[in-house]
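In what follows, a single structure is set out as structure tokens and then discussed.
Just so it is clear: chains get the letters A, B, ... in the order the sequence lines come, proteins before strands, and each one is counted from 1.
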Number of protein chains: 2
Amino acid sequence: MRMGRPREFDAETALDQAMEVFWRHGYEGATIAQLTEAMGINPPSLYACFGNKEGLLKAALERYTKLRNVWMNEVVAAPTAREVAERMLMGIADKQTDPANPPGCLLVQGGIACGTGSENVPFELAAHRARNEDQLRDRFIRAKAEGDLKEGADPAALARYVSAVSVGMGVMASSGANREALRQVASVAVQAVEAQSTDRS
Amino acid sequence: MRMGRPREFDAETALDQAMEVFWRHGYEGATIAQLTEAMGINPPSLYACFGNKEGLLKAALERYTKLRNVWMNEVVAAPTAREVAERMLMGIADKQTDPANPPGCLLVQGGIACGTGSENVPFELAAHRARNEDQLRDRFIRAKAEGDLKEGADPAALARYVSAVSVGMGVMASSGANREALRQVASVAVQAVEAQSTDRS
DNA sequence: CCACATCTGTAGTGAACACTACATATCTGG
DNA sequence: CCAGATATGTAGTGTTCACTACAGATGTGG
């Protein structure tokens, strides 16, 4: 098989730059011109490698999720449901206000509502958020089996709750909330999980 | 003063239609063509009445907040902090899945991230959300003064928390969560407020 | 060194966008 | 009934957008 001219840029490095642009401006707000400039390539290279704008977003989302999963594994490794929630929400407060990244979360900033032709982008993001929620739910199911959560506790509802708080914090972060404000929210939110936990004195 | 030809459409009715379009498609996703069609007018009438697209959004936001305030007053009229949170979050679960409106909340769907030229739209929405948060905070301050909240409770943090959960629920609603799922989130969320309340047997 | 395959940069393409010029229509004050 | 003022409908304006045609560059297999 003939090989042809090799690619002159690194796809993962370029994806990191694209990710940042989508994160800061959203899917529709990000233009191909901004993306190509950040990635250091020209439009034909982008289209040859990722198909189109939506393909680039999907690739960026996969990379985002992959990087995030490393951290999520640490979160669900916490010994109790309460500590899982605490690590998750406190960590999110820090991550969403980390000056190294745009504020908030790509899975929210990417796009909540989109115009004609991009209607499925919000659902694409929702599917990625759902993966996180599933991971939490599985962890809470285990917590209940271990007697760490009360008999009446609903692991799926708890996971959905933690996920909802994360998203809300992301929106607040992107509109200027500082780290301390988000930590306060996280601190209150954890108490709901605590209320579903068994007492172990 | 000379009067000129009178307007042939009702501004508030037209605003209701525009509100729905922004709610469903977001600020950037909504086009002038969609807006004028929904409003039943032509572009020159829109621009004469509201200045430009952003002016129309601001007018729609004001109307949204005005309609919503009627309900918010009922919410903060609840006798305890816990019941305020419950009315608020359960009511939001119902409102955000009301088939009479687009799913979610205009103050979230309107736009979380926007492109060049609309950077201040997300902050405009955040300012409206902050008004709600202030109303909750004032109510929780009163609750603390009445001994309804514990000594260590932080009314501002509680208000921010309830606001964050509302926003998170709005995002979930817009990506397909049903009423039952949102009610479960609300139900868990209320327990954090309950944990900050004094026991009154 | 040649045939072919793939990448890259230049320079566009048509479409969709927010917005408006202008002629006409409809009102009020005198 | 007339003059001035404002609203409306038609039909655009220039700009920006995602995307691509094409020619030249750079690799591999024979």
Side-chain angles (χ1 to χ4, degrees), chain A residues 1-15 17-19 21-22 24-60 110-111 113-122 124, chain B residues 1-15 17-19 21-22 24-60 110-111 113-122 124:
Chain A
M1 169 171 103
R2 315 295 182 85
M3 284 293 290
R5 179 174 175 177
R7 184 177 290 143
E8 288 186 3
F9 62 96
D10 177 61
E12 289 208 330
T13 308
L15 260 187
Q17 305 306 318
M19 194 172 78
V21 175
F22 282 131
R24 194 174 297 281
H25 301 288
Y27 175 74
E28 295 199 302
T31 68
I32 298 292
Q34 287 172 327
L35 289 163
T36 51
E37 183 180 352
M39 298 166 85
I41 61 178
N42 289 309
S45 299
L46 189 159
Y47 284 89
C49 189
F50 301 104
N52 56 18
K53 190 182 178 185
E54 193 168 335
L56 177 61
L57 175 72
K58 287 182 182 173
C114 280
T116 311
S118 313
E119 293 92 347
N120 50 330
V121 166
E124 198 73 43
Chain B
M1 165 173 106
R2 314 297 181 87
M3 284 293 290
R5 178 173 173 176
R7 182 177 292 143
E8 288 186 3
F9 64 96
D10 177 59
E12 290 208 330
T13 307
L15 258 187
Q17 305 306 317
M19 194 172 79
V21 175
F22 281 132
R24 193 174 298 279
H25 301 288
Y27 176 73
E28 295 198 302
T31 68
I32 297 292
Q34 287 172 326
L35 290 163
T36 51
E37 182 179 352
M39 298 166 85
I41 61 178
N42 289 308
S45 299
L46 189 159
Y47 284 89
C49 191
F50 301 103
N52 57 17
K53 191 182 177 185
E54 193 168 334
L56 177 61
L57 174 73
K58 287 183 183 174
C114 280
T116 312
S118 314
E119 293 91 346
N120 49 330
V121 165
E124 199 72 44

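- Taking every side-chain heavy atom of A:P44 into account, C:dT10 is the closest of D:dG9, C:dC19, C:dT10.
- For the segment residues 25-40 of chain A, no residue has any heavy atom less than 4.0 angstrom from an atom of DNA chain C.
- Nearest heavy atom pair, residue B:Q34 against residue B:G29, reads OE1-O, 3.5 Å.
- Applying a 4.0 Å cut-off to non-hydrogen atoms, the residues of residues 5-14 of chain A that approach DNA chain C are A:R5, A:P6, A:R7, A:E8, A:F9, listed by residue number.
- The distance between atom CD1 of A:I41 and atom C1' of C:dG9, rounded to the nearest whole Å, is 12 Å.
- Rounded to whole Å, the distance from OH on B:Y47 to P on C:dA21 is 13 Å.
- The environment of B:E119 atom CD is dense: over 12 non-hydrogen atoms of other residues, nucleotides or ligands sit within 6.0 angstrom.
- Distance NZ (A:K53) to P (C:dA16): 15 Å, rounded to an integer number of Å.
- Residue A:Y27 holds its OH atom at 4.5 Å from OG of A:S118, rounded to the nearest 0.5 Å.
- To the nearest 0.5 Å, the span separating CG on A:L15 from CG on A:D10 amounts to 9.0 Å.
- A:M3 has its CE atom 17 Å from the C1' atom of C:dA3, to the nearest Å.
- To the nearest 0.5 angstrom, B:T13 atom OG1 is 11.5 Å from B:I41 atom CD1.
- Whole-Å rounding puts the A:N42 CG to D:dA21 P distance at 17 Å.
- The residue from A:K58, A:E28, A:E54 that alone fulfils the side chain to side chain contact (heavy atoms under 4.5 Å, CB included) condition with A:V121 is A:E54.
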Test A:F50 against A:L57 for side-chain contact (heavy atoms from CB on, under 4.5 Å), laying out the working first.
-> CA-CA 9 Å; A:F50 301 104; A:L57 175 72; over 6 Å; no
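- Considering every non-hydrogen atom in both B:Y47 and B:I32, the closest pair reads OH-CD1, 3.4 Å.
- Not one side-chain nitrogen or oxygen of A:S45 sits closer than 4.0 Å to the OP1 or OP2 atom of C:dC7.
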